[in-house]
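Take a look at the structure set out below.
No experiment lies behind these values; they were computed from the predicted model shown. Counting starts at 1 for both ligands and their atoms, in listed order. Computed from heavy atoms alone, side chains included, the values below leave out hydrogens, waters and symmetry copies. Residues take their numbers from the sequence shown, with the count starting at 1.
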Amino acid sequence: MEQKIIQIQNNFLEKIQKAKSLKELDEYFLALFGKTGEITLLPKEFPKLSKEKRKQIGPLFNQTKQKLEKAIQLQRNKVREESYKKLETEKFTLQPQESQGKKRQGHLHPVTKLENEIVELFTKLGFKQYNAPHIDTEGYNFELLNIPQGHPARDLWDTLYIDTSNVKTTPGELLLKTHTSNAQIRIMREFKPPIRMMSIDRCFRYENVDARHEHTLDQFEIVYIDKGVNMANLQYLSEYFFKGILGKDIKARLRPKYYPFVEPGAGVDGLCIFCKGKGCKVCGGVGWLELAGAGMIHPTVLKNGGIDPSIYSGIAWGAGPERMAMLKYGVKDIRSFKNGDLKFLEKF
Ligand code: PHE
């Protein structure tokens, strides 16, 4: 047993001290301390030993464990420092294109491409583009959309507020728009029905960033107001959108969902593009994926926009182009779109 411990120690110490990358060190760490690591498994053999032997082996084992942990930590720091040094001395010059033998050509970002397709699709139906500011008032982003201050529905949008304590002339609280719905009231106040407008723009949220959530995200939204607009139009537009972007066989399904500025409100699901409804890992076995939020514009919101709800009705409909791009191009992590990784972008 003693020999075994000493052997592990010598064997790994040498490898660790020679390691040149963090990846290599992670591998050694796992080989030692992972679930089936050599150090992890050793104590399982202790019960076989005599009492005296155990008294000897215990401290040796602990020492070895600490030594190896420390060695990995030290080497990690060393590798990091080396890479910083390299960065400092490295010159950042753009490679002359000809010297690589072939010309490098840029192209549109995959999300931009998809957004252009969306805009084209709805332009065909007579929708025009309209974008509201990124920095906006609580009024346009929340209050006029039927979400008063202190209302629990505000929790649906984790909001980044702007500190205006040093600014004298602010019209109430300012924030970074959490959704393209901040364009709704402006559209209603600027145009008379019939209205066919779309907004495609960047929005911001105080998110816990992970593979499906970003603090900076794109949204696409339409506002359609006329006499006699109804849920059937909503169903039609949803399916028109999914078929146009994701494929002819992608049906749409409306499910009741609460948003304060629409009534009735709907979660809009698209048939899962991977299993076509059979149920798979991506859709969690349901056969459908939630792709948009929508509904009939709430009468109070129409009134706030200066439109008479006894004459006109309207649809608001919003989706996330990045989520659609993830599905369309099979991208697993939403962060890939904005982290500037050329290797990723060059695949498109
Ligand atoms: N603004 C909503 C969101 O950010 C989406 C939505 C738009 C819902 C239009 C209904 C109508 O989640």
Mind checking what residues have non-hydrogen atoms under 4.0 angstrom from ligand 1?
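For ligand 1, the contacting residues are W157, H179, S181, R205, Q219, E221, Y259, F261, G293, A294, A316, W317, G318.
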Donor-acceptor pair, side chain of Q75 and main chain of A19, under 3.5 angstrom
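Present.
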On the ring face of Y130, is R186 found with NZ or CZ under 6.0 Å from the centre and within 45° of the axis?
no
Fit a plane to each ring of F122 and F127, take the angle between them on a 0 to 90° scale, and name the class: parallel (under 30°), tilted (30 to 60°) or perpendicular (over 60°).
perpendicular
Modelled atom types, side-chain donor and acceptor of E221 and S199, under 3.5 Å:
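No, no side-chain donor-acceptor contact under 3.5 Å.
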Does a sphere of radius 6.0 Å around CZ in R189 hold more than 12 heavy atoms from other residues, nucleotides or ligands, not counting ones at 6.0 Å or beyond?
yes
Quick check, are the ring centers of Y259 and H179 under 6.0 angstrom apart?
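Not under 6.0 Å, so no.
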